[in-house]
Novice: 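Let me give you the structure first, and then I'll get to my questions.
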Protein chains: 2
Amino acid sequence: MKEDYGVHAMYLKALSDETRLKIFDMLSNGELCACDILEEFNITQPTLSYHMKILSESGLVDSRRDGVWMKYSINRKNLEALKQLFDNIGLNMDNTSSHL
Amino acid sequence: MKEDYGVHAMYLKALSDETRLKIFDMLSNGELCACDILEEFNITQPTLSYHMKILSESGLVDSRRDGVWMKYSINRKNLEALKQLFDNIGLNMDNTSSHL
DNA sequence: CGACGATATAGAGAGATGTCAATGTGTATG
DNA sequence: CATACACATTGACATCTCTCTATATCGTCG
């Protein structure tokens, strides 16, 4: 439970790019196709494809074909795993000098 | 509240390196000096210094001098801000097809 | 099948990142 | 002050990252 730094680091790396973080946030409102996402950014289609590949391969985003379109959505299980990381860090926190 | 993708991306980038993620986790058990952290890794002292600078400048880690030592600790306010990002993503999530 | 629209892949280039050895800076202590 | 210890900075290097243009692939429809 404490040794999957590699996996968590991969999740964080996937979200550490501002474009990808925005995309991930967009997906929190539901499944989107690549064309919908592309409209929101000033990047080319291949660049978006590159970012979606990184998000998909990290495991944080799922993809499926729907006819001609690729639909992307958040993988909740892995998002929860990532949240768990931060929750555990919070738990370990020494609370004696709580000047939050 | 929705436009600080840049700041959040910076937090995530700071934690997206496996070494830095481990360090951050170590700090959740309380303040540590650089020498303590260095013992846990197979990296040189300048490399650790480089990582600590990235963590400190991101805002997720605080540093203070204690005589000859540098003491590092987690900045809770900014950790909470980062957690908030994930909580908000969770909130937006469409729950109709909850196959978690 | 042939053409078209949506997405993926390849190749290239500029810049960022992680690492080290060497050296500098700051703090205590004799 | 001189020395030693803890940490920071510099410079160099290999690798990774993000972006683009050009081209390929895949699915649909006539």
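All heavy atoms count here, side chains included; hydrogens, waters and symmetry mates do not.
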Novice: How many angstroms lie between atom NZ of A:Lys22 and atom NE2 of B:His8, to the nearest 0.5 angstrom?
Specialist: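 So the gap between those two atoms works out to 12.5 Å.
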Novice: Please tell me which of the listed nucleotides, D:dT9, D:dC7, D:dT21, lies nearest to the side chain of B:Trp69?
Specialist: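 Comparing D:dT9, D:dC7, D:dT21 against the side chain of B:Trp69, the answer is D:dC7.
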Novice: When the distance from NZ of B:Lys71 to C1' of D:dA6 is rounded to whole Å, what number comes out?
Specialist: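 The distance from NZ of B:Lys71 to C1' of D:dA6 comes to 12 Å, rounded to the nearest Å.
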Novice: Any non-hydrogen side-chain atom of B:Thr47 less than 4.5 Å from a side-chain atom of B:Phe41?
Specialist: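 Result no, sub-4.5 Å side-chain heavy-atom pair not found.
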Novice: Tell me: CZ of A:Phe41 to P of D:dC18, nearest whole Å?
Specialist: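 Answer to the nearest Å: 14 Å.
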Novice: Side chains of B:Asp62 and B:Tyr72: does their closest heavy-atom pair fall under 4.5 Å?
Specialist: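 The answer is no; the side chains never approach within 4.5 Å.
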Novice: Nearest of D:dC20, D:dT17, D:dT9 to any side-chain atom of A:Lys13?
Specialist: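 Closest nucleotide to the A:Lys13 side chain: D:dT17.
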Novice: At less than 4.0 Å, is any side-chain N or O atom of B:Ser49 found next to OP1 or OP2 of D:dC7? Yes or no.
Specialist: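 So the side chain of B:Ser49 is outside the cut-off, no N or O lying under 4.0 Å from OP1 or OP2 of D:dC7.
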Novice: With rounding to the nearest 0.5 angstrom, report the CG to CG distance, B:Asp25 to A:Asn88.
Specialist: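 Reported to 0.5 Å precision, the distance equals 8.0 Å.
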Novice: What integer distance in Å separates A:Arg20:CZ from D:dT19:C1'?
Specialist: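 Distance, rounded to whole Å: 12 Å.
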Novice: Mind calculating the distance between CD (A:Glu57) and C1' (D:dC16) to the nearest angstrom?
Specialist: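 For the pair A:Glu57 CD and D:dC16 C1', the rounded distance is 15 Å.
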Novice: Between atom CG of B:Leu60 and atom CD1 of B:Ile54, what is the distance when rounded to the nearest 0.5 Å?
Specialist: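 Between atom CG of B:Leu60 and atom CD1 of B:Ile54 there are 12.0 Å.
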Novice: Taking the nucleotide of DNA chain D with the nearest heavy atom to each, does B:Asp36 or A:Val68 sit closer to the 5' end?
Specialist: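 The 5'-side residue here is B:Asp36.
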Novice: Measure CD1/B:Ile54 against C1'/D:dT9 and give the value in whole Å, please.
Specialist: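 Taking atom C1' of D:dT9 as the reference, CD1 of B:Ile54 is at 14 Å.
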Novice: Rounding to 10°, can you tell me the angle the first-five-pair axis of the helix from C:dC1-D:dG30 to C:dG30-D:dC1 makes with its last-five-pair axis?
Specialist: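 Computed angle between terminal axes is 20°.
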Novice: Whole angstroms only, please: what is the CD-C1' distance between A:Gln45 and D:dT25?
Specialist: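 My rounded result for the distance is 12 Å.
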Novice: Going 5' to 3' on DNA chain C, which nucleotide is the first and which the last to come under 4.0 Å of a heavy atom in chain A?
Specialist: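 For DNA chain C, the relevant span reads C:dA6 to C:dT9.
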Novice: In whole Å, what is the span from the CD atom of B:Glu39 to the P atom of D:dC7?
Specialist: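 In whole Å, D:dC7 P lies 10 Å from B:Glu39 CD.
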Novice: Would you kindly give the CG-to-P distance between A:Asp66 and D:dC26, to the nearest whole Å?
Specialist: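 So the CG-P distance, A:Asp66 to D:dC26, works out to 18 Å.
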Novice: Restricting to non-hydrogen atoms, name the atom on B:Leu55 and the atom on B:Arg20 that form the minimum distance, rounded to 0.1 Å.
Specialist: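 B:Leu55 and B:Arg20 have their closest heavy atoms at CG-CD, 4.0 Å.
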Novice: Could you measure the distance from the CG atom of A:Asn78 to the OG atom of A:Ser58? Nearest 0.5 Å is fine.
Specialist: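 Interatomic distance, A:Asn78 CG to A:Ser58 OG, rounded to 0.5 Å: 7.5 Å.
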Novice: Do the side chain of A:Asp4 and the main chain of A:Val7 share a donor and acceptor less than 3.5 angstrom apart?
Specialist: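 Not at all, since once roles are kept as given, no pair shorter than 3.5 Å links the two residues.
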Novice: Going from CE on B:Met10 to CG on B:Leu82, what distance comes out if it is rounded to the nearest 0.5 angstrom?
Specialist: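 These two atoms lie 10.5 Å from each other.
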